Amino acid sequence: MQNLGIEVLFEGSNMERLLGGLLVTIEISFISIVLGTILGLFMGLLRTIELKFLRFILRLYLELFRIIPILVWLYVVYFGFTPLFDIHISGEVTSILVFSLWGAAEIGDIVRGALESMPKHQMESAKALGLSSGQIYRYILIPQAVRRMLPGSINLATRMVKTTSLVVLIGVIEVVKIGQQIIELGVIKAPSASFWVYGFIFILYFLVCYPLSIISRRFERRWQN
Amino acid sequence: GGSESNGESKSKFNSIEQIKKNGKIKIGVFADKPPFGYVDSDGKNQGFDVYIAKRFTKDLLGDESKVEFVLVDAASRVAYLESNKVDIIMANFTVTDERKEKVDFANPYMKLSFGIVSPDSAPITSIDQLKEKGQRLIVAKGTTAETYFTKEYPEIELLKFDQYTEIFAALKDGRGAAIANDNTELIAWAKSNPGFTVSIPAFGGQDTIAPAVAKGNTELLNWINTELDTLGKEQFIHQAYKETLNEVYGEGYTDELVVEGGKLE
Amino acid sequence: MNFDWEFIVETLPLYGDAMWLTVKLAFWGTLFSLVLGLLFSVVLHYKVPVISGVIVAYVELSRNTPLLVQLFFLYYGLPKIGIHMSEAACAIVGLTFLGGSYMTEAFRSGIEAVSKSQVESGLSIGLSKVQLARYVILPQAYAISIPSLGANAIFLLKETSIVGAIALMDLMNVAKDLIGMHYKTAESLTLLVVSYLVLILPLSIVLSWIERKVRYAEFGD
Amino acid sequence: MGDSRELLLEIKNLQKSYGDRKVLEGIDLRVRKGEVIVILGPSGCGKSTFLRCLNGLESVQGGEIQYLGRNLAEDQVDWREIRQHIGMVFQNYDLFPHMTVIDNILLGPLKVQKRDKTEALQQAEQLLDRVGLLDRKDAYPRQLSGGQKQRIAIVRALCMNPDIILFDEVTASLDPEMVREVLDVIQELANQGMTMIIVTHEMGFAKSVGDFIVFMDQGKICEIRAATQFFTRPETERAQHFLDIFQYEKL
Amino acid sequence: MGDSRELLLEIKNLQKSYGDRKVLEGIDLRVRKGEVIVILGPSGCGKSTFLRCLNGLESVQGGEIQYLGRNLAEDQVDWREIRQHIGMVFQNYDLFPHMTVIDNILLGPLKVQKRDKTEALQQAEQLLDRVGLLDRKDAYPRQLSGGQKQRIAIVRALCMNPDIILFDEVTASLDPEMVREVLDVIQELANQGMTMIIVTHEMGFAKSVGDFIVFMDQGKICEIRAATQFFTRPETERAQHFLDIFQYEKL
Ligand SMILES: Nc1ncnc2c1ncn2[C@@H]1O[C@H](COP(=O)(O)OP(=O)(O)OP(=O)(O)O)[C@@H](O)[C@H]1O
Ligand SMILES: Nc1ncnc2c1ncn2[C@@H]1O[C@H](COP(=O)(O)OP(=O)(O)OP(=O)(O)O)[C@@H](O)[C@H]1O
Ligand SMILES: [Mg+2]
Ligand SMILES: [Mg+2]
C-alpha cells in the first residue's frame, strides 16, 4: 500500500456522486418524515379515544412495526406486494411507503404519550373555566403536547435517516450503493478504497444525524426547565 | 401462452404498445459486473449487456437514450420481472429450468460455463479440495453457481453475498478459498487482478445467457428474438464483444462466448 | 395464492438454523453491550477525566451512524488496514459498538433518576461512597433501567436482520437466498415474518409485563 | 343560618360513589349569597370530592344540587354554562404554563364568554392590581412564586364574574409567607361579599374568614356551626378530636 | 441559656456561600446536651443550609463547628464518622424504596457501625414499637402513609444512637393528622432528653417543644430566646412581623 488510497474519494466525479447519493437518503427520510408526521398526528389523536376496538387496532399497528425489523418490511413490501396486490412499486416508493407508515406509528405513539402525560389537573382547570372539549384541545392540550413531542420526533427523524441506509438492500441507489460502485471501479488503482469509502460514508451519516441529536437534546432540556 | 395467464395477470407487464406510449423501456442490468454491466466513474452504465440493451432500445424506440437502466442484483432478477419493475432483464442472466418456470427467456446472445478463481498462493485446482474442512467457497446469491453447488455438493460450505463487489472483496480479504461463478466473469476479473488465477476454467456443462421477459410477455419475447436474428445478420454481437470485452478477454475468446443470431451452432 | 407447503416444510430447518444464529448474535451483542454500558455509565457518573470525554464521543458516534455502514466498514474496510475478523466477529463487534452506547445511556439515566435526596439520606446515616453505590444507588438505578435495557435488547435483536449484508445466514439472508434460488417469494417472506414474530413477540410481551411491574409496583411485592 | 340573604345553592342528600365505595353519603347544605362557608375534616373525608361535584368534575349518584332553579345533579346539565357561574381554584396552582399571566386570565372571558377584549382586559388589570401583581401580567407562570401563581389562579376565576367560587386547599403546597399572601386575598374577597366555599387546613384562617364551619367526616356532614362557636365549643366529639390535633399546648 | 448542661456543639461565626451569594453570614450557636432548639425564619433565610452544614452535606467557607473537641469546619473531617453522632431527618421522607422498613433501619447500624445483628435488631424493634409501627416492619415504604414513613425515618436516625438529631421541616409535606403523629414522636424524644435542632413552620409545635427559639433572617441569627418568651414578646421587629403571619385573628 504505497499510496493511502484516500484519493479515490476525489477522483472523477466521485465526491459529487457520493454527496448525490446522500441527497437521495435525505430526500427519502424527509418525505417519509413529513408524510409520517401528518398521518401520525391523526393516529395519535385517534389513540386517545376511548374505543376498545380502535385502540386495539392502532396498538397492533404500532406493535407490528416495533416487532418486525424495518428491513423485513422493506422486503415484504418490495417483493411481496406485487404478487399479492398486483401493484408495481419502485424501491424508492417502497422505502417512502414503509418509512412513512413506520413514522406514522411512532409519531402516533409520541402524540398519544404527550397528550396522556399532560397533568390531569390542567384538563380540569380548563374545564372549570367553562372551556369546551374542542377549546381544551385547541388552547390547552395541543399547544403543550407539541412542545413535549418535539424531542421525541426529532429523535425519530434521526433514527429514520439512519435506517434509510437499508434501502440499498432493495436496490435503491443511494450513498452506500454509489460507494460500492466506486469501490468496484477503484479495485485496481486503490486497493484500500473500501476502507476510505465506507469510512467516509460513516462520517457523512454522522454529520447528518449528529446535529439532529443535538437539537433534540436542546429541546428536551429546555422542556425540563 | 395466453391461456395460462387467464386474463387476471394481464397488467403484470407492459405491452410493446405501452412501452412505445411511455417512450421508455426499463431494462435491468448489473451495476457491478464489469465488463458485462457496470457503472463507470461518471455514473454511466457500461458493458456488454448494456451495449446490446442500448441497441434494442434504439431499434424499438428509435433512440438509445430512451432506455432506463434499472440496477439489479443477482438474487432479485426474477423478482424485478415479476413485479414489473423492468421490462427486460439483461443482467448476464443464465438460462435454467427453474428460472424458466418464472420468466420467459428469449434466444441467447452469449454462452458460458462455470469456473473457479483462487489465489495463486493457494490455488484450488479440483472441486474436491473445497470439501476439506474450513475451506469456504464464495458465491453470489441467486446465481446458477450457487444453485449448482447447493444441489451437487451440499457438503461444501458456501459463503453467500448479494453483490459481485462483495464476492471479490471477500476473496481478496481471504474470507474464502475460491469463488465459483460464470467463467466469463472470473476470467475478466482475474485478468485485472494479479495474484489470482482461474484455476478451474470450465466445469458443469455449457449454459447460455439470454434476455428475459416477464412470464407470458410473448409479444416482447418475439420482438427480441426477431431483433436478435436481424442483429445476427450484421454480426452485431461480435461488434459488442469488440467494443466491450476485447480489452479484457482478447480476441481469443470470441467464439467461446458470442452467440450470434440467437442460435447456438 | 397457492402456498407450496412442501417447500415450507423443506426449508423450515434452514429457518431454524438461522433463528439460532440470530439469537446467538443478539445474545453476545447484548451481553457485551451491557458490560460496556455498565462500565461506561459508571465512568461517566464519576466524571473520570479524559476517559469520560472519549466515552461521550463514542456514544455520539455510535448513536448517529447506521449499523449497516458500521458493519460494511468493519467487514470490508478494516481488512485494508490489516484488521481481519470473521463474519460473526464483525457482527458481534458491530452490535456491541451500536448497543454499547444505548446501554450506557440506559444505565446512566437510571443512575441519574435516583434522587439527590436519596443520596443525601444515605450519606446522613454514614454510608461510604462505595456503600452508597452498592446499597442505595445501583439497586434503584438497575430497577429503573430495566425497561430501557429490555427495549435495547429487542432493538439489538431486530438489528441483527442486517448481518446478512456481511454474508451471515441469518433469517433475513436465508429468506433472500431462498427467493433467489427457488423464486418462492410468498412462502419465503411469510416464513420470514413468522420467524420474527416467534422470536420477538414473546420477548416484547415479557418486557411490557416487567415494565408495568416496575412502573406501578416500584419495589418489593 | 341567616335567612335574610338570597339562597344561591341548595344541596340535598347528595350521593357519590367511586365504584362500590361510597364517598359522599347524603350531604345537605344551603349556601346564601355572600356567605363564606369553610369545610373542615380529616383527610379523605370527601371534601374535595364534594367541591368537584358542585363544579361538574365528578358525576353524582343521587340527590339534588339546586342552583338558580335548575338541578345540577341531573344528566342534561350544560356544565360549560354553569362553570361560568361557579368558579373553582385548585391546590396545584394550575395555570397554563404555555401562556402568560394575562392570557391565562383572559382565556375564559374571551373564548368562553366571548366578551369584548378591551373591557375584559380592563377588568383583568384591575383585578391584578388588587392582588398586587399588575406588573407581572406578561410573565409566564414558571417565572412566578407559588403564592403569586395561586393569586393569579384566583384572579382567573374572579375574572369570569362567578356567583360562587370554590377553593380546594389552595395553600396546601405553599410556604407560610405565601400562604398568608393568598389567604389575605381570599379574606378581602370575603369582606367584599363574595360567596365562597373554602376547604382548608389552616385553622386560624378558617376561624377568621368563615361565616359557617361545615365539619365533615367519612362522607357525611357531622356539624354545621357558626365559626366562632365551632372553635370554642364544637358540638360533636369527632370535631373536638379533630381540633385537638392542632393544639400543641396540650402536650 | 442554661449553663449547667454539657456543651455538645459550638458554632462560631459560620460562613457559607453559593458562589458569590452569601447564604450564612456568621452564625453563632451553642447546643448543650438535652436541649431542644427550634429554628424559625422566613423561607430562604438559610435554615436548611445551616442544618446541612452541621451534617457535612455542604462545605463551609469560614468559621468553626466545635464538636467533641474537633472543628468540623476544617477540611480533613471524617464525616462518615461524625454522621453517626449527628443524625438528620429530611422533609421528603427519604426511605430507600427498595428495602423493607427494617432493612432501612438496620442499614446504618449493620453496614456503617458494624454492630451485632441481634442486638441492633432488638433496638430497632424496640424503637419501632415506641412509634407504634412494629407491625409494619416488613412493609415497603410505598405501602406506608407519609406520616408512617416519616416516623420510620426518625427511627432510622435514632437507631444509630446519635448524640444530636437534626430535623428539617419533617412535616412540611404531610396532612394535619400525620403532622400530629410525627410531631408527637419528636415531642416524646424531647421529653426523654434527646438533643435536637428542629426547623419547622408549625408555630404551636415550636412553642411547645422548643427550649430555645432561634429566629433567623437573611442568613443571620436575629434573636435567640426561650420559647415561651419568644412567642409572647419577641425582641426584634422582624420576629414580630414573622409571627404576625400566623395570626389570622388580627385580620
Ligand atoms: N378517582 C377516585 N377513585 C376512587 N376513589 C377516590 C377517587 N378520588 C378520591 N377517592 C376516595 O374518595 C375519598 C374522598 O376523597 P377526597 O379527595 O374527596 O378527600 P378529601 O377530604 O379532599 O381529603 P384531603 O384532605 O386529603 O384532600 C377518599 O377516601 C379517596 O380515597
Ligand atoms: N444549591 C444551591 N445553590 C445556590 N443557592 C442555593 C442552593 N441551595 C439553596 N440556595 C439558596 O440559599 C438560600 C437559603 O436556602 P435554604 O434552603 O437554606 O433556605 P430555608 O431557610 O431552608 O428555606 P425554606 O424555609 O424554604 O426551606 C436561599 O436563598 C436559596 O435560594
Ligand atoms: Mg382534598
Ligand atoms: Mg429549607
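Convention: sequence-line order gives letters A, B, ...; per-chain numbering from 1. Please read all numbers here as calculations on a predicted model, not as lab measurements. Just the heavy atoms: all of them, side chains too, but no hydrogens, waters or symmetry mates, feed the values below.
- Your options are L203(C), I154(C), I162(C), and the one with the most heavy-atom pairs under 4.5 Å with chain A is I162(C).
- Screening L67(C), T65(C), N152(C) against L98(C) for a side chain to side chain contact (heavy atoms under 4.5 Å, CB included) leaves a single residue, L67(C).
- Contact of S161(C) with chain A is made through backbone and side chain together, with heavy-atom distances under 4.5 Å.
- Using bins of under 30°, 30° to 60° and over 60° for the plane-to-plane angle, the ring pair F72(C)/Y76(C) lands in the tilted bin.
- When atom types are taken as modelled, the side chain of K158(C) and the backbone of R66(A) share a donor-acceptor pair closer than 3.5 angstrom.
- Of the atoms belonging to L61(C), heavy atoms from both backbone and side chain fall under 4.5 Å from chain A.
- Heavy atoms of S165(A) lying under 4.5 Å from chain C belong to its backbone as well as its side chain.
- Below 30°, between 30° and 60°, or above 60°: for Y58(C) and F97(C) the angle between ring planes is above 60°, a perpendicular geometry.
- Heavy-atom distances place no part of V197(A) under 4.5 Å from chain C, backbone and side chain included.
- Atom-to-atom distance recorded for T96(C):OG1 and L156(C):CG is 8.0 Å, nearest 0.5 angstrom.
- With a 4.5 angstrom heavy-atom cutoff, V176(A) touches chain C only via side-chain atoms.
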